[in-house]
Amino acid sequence: MKYKMALAVCLLPMTASAVDFSFNGFGSIVAGSVIDGDGYIAQYPNLGVYEDGVEFSPETRLGVQGKAAFNDKLSATAQLTTRGADNYDVEVEWLYLSYKLTPNTDIQVGRLRLPVYYFSDYMDVGYAYPWLRIPADTYSLDATNYNGFKYNARFNSGDAYYTLSLYGGEEEADDSELMGYLFESFTTRIDRQFDNLAGVALGVTLEELSVRVTYTRGDMEETQTYAPGSAGVIDYNIEFYDVFARYDFESGLSLMAEYNIYRPFYTSYFTSATYQTGDFNYYISWSKFDLDEPFEEHDTTSIGVRWDLGDTYALKFDLSSMKDDGFNPFSGLPNPVYHNAENGDGDVKVFSVAVDFVF
Amino acid sequence: MKKFILHSALLSVILSFPLVCRAEISVIVNLANSDALSESAIKGVFLGKIKTFPSGSQAIPVAQPKDAAASVEFTEKVYKKSAKQLKSYWSKLLFTGQGVPPKEVASDQDVLKLVAENPNIIGYVSSSVVDASVKEVAKF
């Protein structure tokens, strides 16, 4: 008879003053290669681009998370991520205090993920989703994190379980790498300041159905630098709408779709079917980015498989084909999102292999 | 002799197989807990979708190691997911500050003892160990 009384004590409502530390991590080692065409932007927020033979750096990343629980209500969490796309610089992606108001409600304050998309919160954790990568055309918002607060509540009505988040804050994107790249033809640098961000996310799961909607608004000041000493400032009122739905069939088939509108800029969406059988999860997905102006428009079709090799790691293969329909309305010429497209149209196929893990 | 060993091995496989299949598990709560819990409510609590019982008091789910007999049954019959799918589910919540998997204790006896002591705890055990110190709310 060995009773683990230490554990038993931990489970009781905590009154002890000792700080309880926990440590976890995740990572993805990704290798990809363009097999037809010139270059492929696999990850927009950090500008992960495949263009030259077999490359490991565009999407390879590692994250570690440390959490210190001071008591049963208050905790501090930090998540640091290092990415090949950012020369493996270590970045603080999350750093927040969390206070549990009731068993089902809490408030987080600090540096947080902007939860606009269904997969926003864990888009870096490849192990948590079936695809090799989150549909890139759809998950392209340049601001992924923010400084501010988030209030979270859970409640249910019969078998329907809800999550509600209210959030607000600001984000500074100085010398945005993505925006700088997209507008390199006429600017040398783009700074974006997001103020008065405020939003709401409501999710519900009912049996095998999941639905989530979000609405976010804010003020954005964009400073475009054309040459040293020459800059222009544009103020935008931005609004972001997102809706996601997913249904899991008993057969192992799952269908999902997500649609979002980023006013006054673009619309993007994806749909995917996955089929889980044993340790394999096969997928097909289609995603599209459509700028309101004709300059940028592209869609990607992907097929692939996730193979759960072990309890904490998975191997994935993916074949993606992107079609670029962006063009310059003044000249009528193609305007591919990948700028060094030599054959002009920007269409590209890329094959990738990944190992995702958690620890 | 060899034949006999083979036969007895075969016999024990035949005998134990139906037993394994029939192993039932019970979801148990403290005697002071008067909540009626549907299968969906039990699943909701164990998956961290809700952290209270229907009455509003805090619910603390307790699990057993994933290879324990009761866990294997619970994963198959209640979660209806593979152990790997569960791991993937919890990794979503863990890295987004939304929750952590239920704490694990070593055995049916440990779960029984915790549930008997704490009105907020809910656990699952092999039905054969359930006694008068706890209340059974569901059987799978």
Side-chain angles (χ1 to χ4, degrees), chain A residues 1-5 7-8 10-13 22 24-26 63 65 67 75 77 79 94 96 98 100 102-106 108 112-113 115 119-122 124-125 127-130 150 152 154-156 158-163 205 207 250 276 278-279 281 306 308-312 314 358, chain B residues 38-41 43-45 47-54 56-67 80-107 109-123:
Chain A
M1 283 297 190
K2 44 173 187 177
Y3 288 108
K4 294 207 169 168
M5 289 315 292
L7 261 177
C10 291
L11 287 162
L12 301 173
S22 55
N24 294 93
F26 60 86
Q65 173 170 297
K67 179 179 174 182
S75 65
T77 303
Q79 196 181 101
W94 304 62
Y96 61 90
S98 178
K100 199 187 281 185
T102 70
N104 287 319
T105 57
D106 62 78
Q108 299 167 321
L112 298 156
R113 180 63 48 88
F119 292 99
S120 285
D121 279 357
Y122 53 98
D124 295 327
V125 188
Y127 183 81
Y129 46 81
K150 187 148 77 91
N152 305 297
R154 292 179 193 82
F155 50 98
N156 75 314
D159 292 346
Y161 292 90
Y162 296 88
T163 54
T205 61
E207 305 287 343
E250 207 165 312
Q276 172 94 38
D279 286 339
N281 199 343
R306 169 191 175 129
D308 278 296
L309 279 174
D311 282 347
T312 55
V358 290
Chain B
S38 65
E39 182 178 338
S40 158
K43 198 170 157 183
V45 164
L47 288 175
K49 290 179 175 179
I50 198 83
K51 300 192 175 179
T52 48
F53 290 112
S57 61
Q58 189 181 2
I60 305 173
V62 169
Q64 296 194 38
K66 72 172 171 32
D67 299 328
K80 298 188 174 84
K81 286 182 160 118
S82 72
K84 286 166 184 169
Q85 285 172 288
L86 269 182
K87 183 83 187 170
S88 176
Y89 172 84
W90 282 112
S91 67
K92 288 175 207 174
L93 276 67
L94 180 66
F95 294 113
T96 59
Q98 290 169 21
V100 291
K103 287 226 162 99
E104 287 177 6
V105 294
S107 69
Q109 293 304 326
D110 290 355
V111 176
L112 210 61
K113 189 170 160 64
L114 282 170
V115 169
E117 283 168 358
N118 189 325
N120 295 112
I121 291 182
I122 176 168

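Sequence lines set the chain letters: A, B, ... in the order given, protein chains first and strands last, and positions in each chain run from 1. Note that these values count all heavy atoms, side chains included, but never hydrogens, waters or copies made by symmetry. What you see is a predicted model, and the numbers here were worked out from it, not measured in a lab.
Most heavy-atom pairs under 4.5 Å with chain A, from the set B:Gly97, B:Ala83, B:Ala59: that is B:Gly97. By number of non-hydrogen pairs under 4.5 angstrom with chain B, the leading residue of A:Arg154, A:Glu207, A:Arg113, A:Glu250 is A:Arg154.
The two residues A:Trp94 and B:Thr96 come nearest to each other via the heavy atoms CH2-CA, 4.0 Å. Between B:Lys51 and A:Pro103 the shortest heavy-atom distance is CB-O, 3.5 Å.
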Exercise for the section: Test salt bridge (Lys or Arg N to Asp or Glu O under 4.0 Å) on A:Asp308 and B:Lys87 and set out the steps. Expected result: CA-CA 11 Å; A:Asp308 278 296; B:Lys87 183 83 187 170; over 6 Å; no
Practice task
Apply side-chain contact (heavy atoms from CB on, under 4.5 Å) to the pair B:Ser40 and A:Tyr161, showing each step before the final yes or no.
Solution key: CA-CA 10 Å; B:Ser40 158; A:Tyr161 292 90; 3.6 Å; yes
Exercise for the section: Start with the C-alpha gap between A:Asp124 and B:Phe95, add the side-chain angles, then the distance that decides, and say whether side-chain contact (heavy atoms from CB on, under 4.5 Å) holds. Expected result: CA-CA 10 Å; A:Asp124 295 327; B:Phe95 294 113; over 6 Å; no
Practice task
Output, in order, the C-alpha distance, side-chain angles, deciding distance and verdict of side-chain hydrogen bond (donor to acceptor under 3.5 Å, both in side chains) for A:Asn281 and B:Gln85.
Solution key: CA-CA 10 Å; A:Asn281 199 343; B:Gln85 285 172 288; over 6 Å; no
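Using a 4.5 Å cut-off between heavy atoms, B:Lys80 makes no contact with chain A at all. For A:Gln108, the part lying under 4.5 angstrom from a heavy atom of chain B is the side chain only. Contact annotation for A:Tyr127: both backbone and side-chain heavy atoms come within less than 4.5 Å of a heavy atom of chain B. For chain B, no part of A:Ser22 is nearby; none of its heavy atoms comes within less than 4.5 Å. Heavy-atom distances place the side chain of A:Asp279, and not its backbone, under 4.5 Å from chain B. For B:Thr52, the parts lying near chain A are the backbone and the side chain together; criterion is any non-hydrogen pair under 4.5 Å. The contact between A:Phe26 and chain B is made by backbone and side chain atoms together, counting heavy-atom distances below 4.5 Å. Both the backbone and the side chain of A:Asn156 come within less than 4.5 Å of a heavy atom of chain B.
Between B:Gln98 and the choices A:Asp121, A:Asp106, A:Thr163, the side chain to side chain donor-acceptor pair (under 3.5 Å) rule is met once, by A:Asp121.
Note that the NZ atom of B:Lys84 and the CD atom of A:Gln276 stand 10.0 Å from one another [nearest 0.5 Å]. Atom CD of A:Gln65 and atom CG of B:Leu94 lie 5.5 Å apart (nearest 0.5 Å). The NZ atom of B:Lys49 sits 12.5 Å away from atom OH of A:Tyr162, with the distance rounded to the nearest 0.5 Å.
In the displayed structure, A:Lys67 atom NZ is contacted under 6.0 Å by at most 12 heavy atoms of other residues, nucleotides or ligands.
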